[in-house]
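Heads up: the structure comes next, in structure tokens.
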Amino acid sequence: MTQQQALQEYLLRLADSDIILGQRLSELVGKAPALEEELASTNVALDLIGQARNWYEYAAELINDGRDADNLVFLRDAHEYRNLLMVEQPNEDYAVTIARQFFFDVWHYFTLKALVNASDERIATIAAKAIKEATYHLRRSSEWVKRMGDGTEESHRRMQDAFDILWRFTGELITPDEVDHAMFKAGIGPDPEQLKQDWLGMVREVAAQATVTPGAEDAWMYMGGKRGEHTEHLGHLLAVMQFLPRAYPDATTW
């Protein structure tokens, strides 16, 4: 794989993870447990979708095969998506939604923090804007983890269950592959080992304050999202997200 190909893959991973989590959060409109949380979740979703567009536009320029950002979102099948498996997991219990957001936010924050100093100026510019939003996302999700974990007996149980359910998807966030190594070598992506230590450190710190127990570092993990190998949930999500563009491919806005 050339550095150019690795860069294209990396951009799609960033974009796909943002757009899929944004879509998941959009599903909470009218369904969140409180009005404030509905508004907050919607704002986070809009932030992620906006970030995704920036990554997609850059990826489309580099791929240069006639597709634009919208084509990359709405006209690719599940096996062509490169998002993290974590973000495609369904909302279910609100504790699961919060834990999913927290695990992602920690990874996202430290990744963007490194990308701000990327040798690629376009990536550094996008990351510099996104890190401001990601900082708020992380503060919000970590506070909710602590509030629920160290709250009532029921909220504690739910947050611990959420950690147990989602922990098997966390390995993919901090296990590098050839693309991650290529981006680090090129002075673009984060140091994989440093990202791992930063992610584990913050997760453990917040978990301790929340009185919940994270899983073992050497636990068996689901992997493959970054290679296009997904759970059954992504196909269902894309069927909803892509319905209109695929049903009416020649439609235009007025």
Side-chain angles (χ1 to χ4, degrees), residues 8-32 36-63 67-78 80-91 94 97-98 100-109 111-113 115-116 122-141 144 173 225-226 230 233-249 251-253:
Q8 292 171 15
E9 280 285 304
Y10 193 69
L11 289 170
L12 288 177
R13 291 177 180 186
L14 293 169
D16 289 346
S17 291
D18 282 348
I19 199 71
I20 296 303
L21 185 53
Q23 177 69 13
R24 275 287 181 236
L25 292 173
S26 298
E27 296 171 357
L28 293 174
V29 174
K31 300 178 181 178
E36 293 84 353
E37 273 306 286
E38 181 168 321
L39 293 173
S41 296
T42 302
N43 284 330
V44 172
L46 289 173
D47 287 344
L48 292 172
I49 292 170
Q51 293 173 29
R53 172 166 284 280
N54 290 331
W55 297 127
Y56 280 127
E57 287 176 347
Y58 189 20
E61 291 176 20
L62 294 179
I63 295 171
R67 290 182 293 176
D68 60 13
D70 288 338
N71 295 146
L72 291 175
V73 174
F74 296 116
L75 300 181
R76 284 186 300 148
D77 293 329
E80 297 174 285
Y81 266 73
R82 297 293 185 262
N83 60 276
L84 297 162
L85 294 174
M86 173 72 70
V87 300
E88 66 194 53
Q89 301 312 302
N91 293 314
Y94 199 64
T97 297
I98 289 297
R100 182 190 63 201
Q101 190 69 41
F102 170 65
F103 289 143
F104 173 83
D105 286 344
V106 178
W107 170 86
H108 201 207
Y109 171 79
T111 296
L112 291 172
K113 188 176 179 181
L115 293 180
V116 167
R122 180 79 168 271
I123 289 178
T125 299
I126 295 172
K129 179 179 183 297
I131 188 67
K132 300 174 184 177
E133 297 168 338
T135 300
Y136 159 71
H137 299 169
L138 176 57
R139 182 169 66 247
R140 171 181 170 269
S141 61
W144 266 109
L173 279 66
K226 295 189 289 187
H230 297 281
H233 303 298
L234 182 62
H236 295 293
L237 182 150
L238 292 180
V240 174
M241 189 177 82
Q242 297 179 339
F243 173 75
L244 284 175
R246 287 180 179 268
Y248 305 99
T252 57
T253 57

message: Strictly by salt bridge (Lys or Arg N to Asp or Glu O under 4.0 Å), give each pair with a member in residues 40-54 just once, sequence neighbours left out.
response: R53-E57, R53-D70
statement: dist Q23:CD -> N83:CG (nearest 0.5 Å) comes out at 12.0 Å
- request: For the pair L84 and W107, evaluate side chain to side chain contact (heavy atoms under 4.5 Å, CB included) and give the outcome as yes or no after the intermediate values.
  value: CA-CA 11 Å; L84 297 162; W107 170 86; 3.9 Å; yes
message: Within this structure, what is the CD-OG1 distance for the pair E37 and T97, rounded to the nearest 0.5 Å?
response: 10.0 Å
task: State, yes or no, whether a side-chain contact exists between I20 and L48 at a heavy-atom distance under 4.5 Å.
output: no
task: Go through the structure and list residues passing salt bridge (charged side-chain N to carboxylate O under 4.0 Å, His left out) with E38, not counting sequence neighbours.
output: none
field: Closest approach of A60 to A69 (non-hydrogen atoms, all atoms of both residues)
entry: CB-N, 4.3 Å
- request: Find out whether R100 and L25 are in side-chain contact, i.e. whether some heavy atom of one side chain is under 4.5 Å from a heavy atom of the other.
  value: yes
field: pair I126-L14: side-chain heavy atoms closer than 4.5 Å
entry: no
message: Quick check: closest heavy atoms across Y136 and A40, and the distance to 0.1 Å?
response: OH-CB, 4.1 Å
Worked check of side chain to side chain contact (heavy atoms under 4.5 Å, CB included) between F74 and L238: CA-CA 8 Å; F74 296 116; L238 292 180; over 6 Å; no
- request: Give, for atom CG of L237 and atom NE2 of H233, the distance between the pair rounded to the nearest 0.5 Å.
  value: 10.5 Å
field: Contact check, side chains of L11 and R122, non-hydrogen atoms, under 4.5 Å
entry: no
query: Just by distance, do the side chain of E80 and the backbone of D77 share a donor-acceptor pair under 3.5 Å?
result: yes
- request: Check whether any side-chain heavy atom of I49 lies under 4.5 Å from a side-chain heavy atom of I19, and answer yes or no.
  value: yes
Spacing of CG belonging to D105 relative to CZ belonging to R140, to within rounding of 0.5 Å: 8.5 Å
message: Which heavy atom of L12 sits nearest to which heavy atom of A59, and what is that distance?
response: CD2-CB, 4.2 Å
task: Would you name the heavy atoms of S41 and Y94 that are closest together and state the gap between them?
output: OG-OH, 3.6 Å
- prompt: Does some side-chain heavy atom of E27 sit less than 4.5 Å from a side-chain heavy atom of N91?
  reply: yes
- request: State, yes or no, whether a side-chain contact exists between Q101 and L21 at a heavy-atom distance under 4.5 Å.
  value: yes
- prompt: Atom CG of L85 and atom CG of L173: how far apart are they, to the nearest 0.5 Å?
  reply: 9.5 Å
query: Would you find a donor on one side and an acceptor on the other, under 3.5 Å apart, between the side chain of D16 and the backbone of Y81?
result: no
query: How many angstroms lie between OG1 in T111 and OH in Y10, if you round to the nearest 0.5 Å?
result: 5.5 Å
query: So do the side chains of Y56 and D68 get within less than 4.5 Å of each other, counting heavy atoms only?
result: no
task: Check salt bridge (charged side-chain N to carboxylate O under 4.0 Å, His left out) between K113 and all other residues, then give those that pass, not counting sequence neighbours.
output: none
- request: Would you check if the side chain of E133 reaches a backbone N or O of V44 as a donor-acceptor pair within less than 3.5 Å?
  value: no
query: Which atom pair, heavy atoms only, marks the closest approach of L112 to A127?
result: O-CB, 3.9 Å
statement: Minimal heavy-atom distance between Q242 and R76, with the atoms involved, is NE2-O, 2.9 Å
